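Note that the structure is predicted; figures quoted are calculated from it, not measured.
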Amino acid sequence: GSSKKSKKVISLSEQSAVRYQVSLAAEHLRRPAGVEGDERVPFKPDDWQRKLLDIVDSGNSALIVAPTASGKTFIAYYVMEMCLRANDT
């Protein structure tokens, strides 16, 4: 005999994709917030942000892939400011 599992189909008209993800996968969506301040930025950076600041300060490059609203742009402003100050002679 065939023992196929029935799948629950959720219509997105009933529930948005975001609500669906939050209701079924919230533990995978959590993002740990920074706990220690850093004199380079006016907020408590996450671990990946702190590592990125260290990479930038050492003169190296990095490619960052992170979700929307995770703090990439603010770190990019830090990098732009560093470049402008270094070339302001």
Inset, instruction - Please tell me if the side chains of W48 and I64 come closer than 4.5 Å, counting only heavy atoms from C-beta onward. - result: yes
Inset, instruction - Only pairs at least two apart or in different chains count here, so list each salt bridge (charged side-chain N to carboxylate O under 4.0 Å, His left out) that has a residue in residues 55-65. - result: R40-D57
Legend entry - Inter-residue atom distance R50.CZ - D38.CG, 0.5 Å rounding: 4.5 Å
Inset, instruction - Kindly state each residue pair satisfying salt bridge (charged side-chain N to carboxylate O under 4.0 Å, His left out) with at least one member in residues 60-78, sequence neighbours excluded. - result: none
Legend entry - D46 side, atom CG; K51 side, atom NZ - distance, nearest 0.5 Å: 11.0 Å
Inset, instruction - Output the distance between atom CG (D54) and atom CG (N60), rounded to the nearest 0.5 Å. - result: 11.0 Å
Inset, instruction - State, with a plain yes or no, whether a side-chain heavy atom of K44 is found less than 4.5 Å away from one of V35. - result: no
Inset, instruction - Quick one: closest heavy-atom pair of I55 and A62, and the distance? - result: CG2-CB, 4.1 Å
Inset, instruction - Drop me the distance from D47's CG to L52's CG, to the nearest 0.5 angstrom. - result: 12.5 Å
Inset, instruction - Sequence neighbours left out, what passes side-chain contact (heavy atoms from CB on, under 4.5 Å) with F43? Give chain and number order. - result: V41, P45, Q49, F74, I75
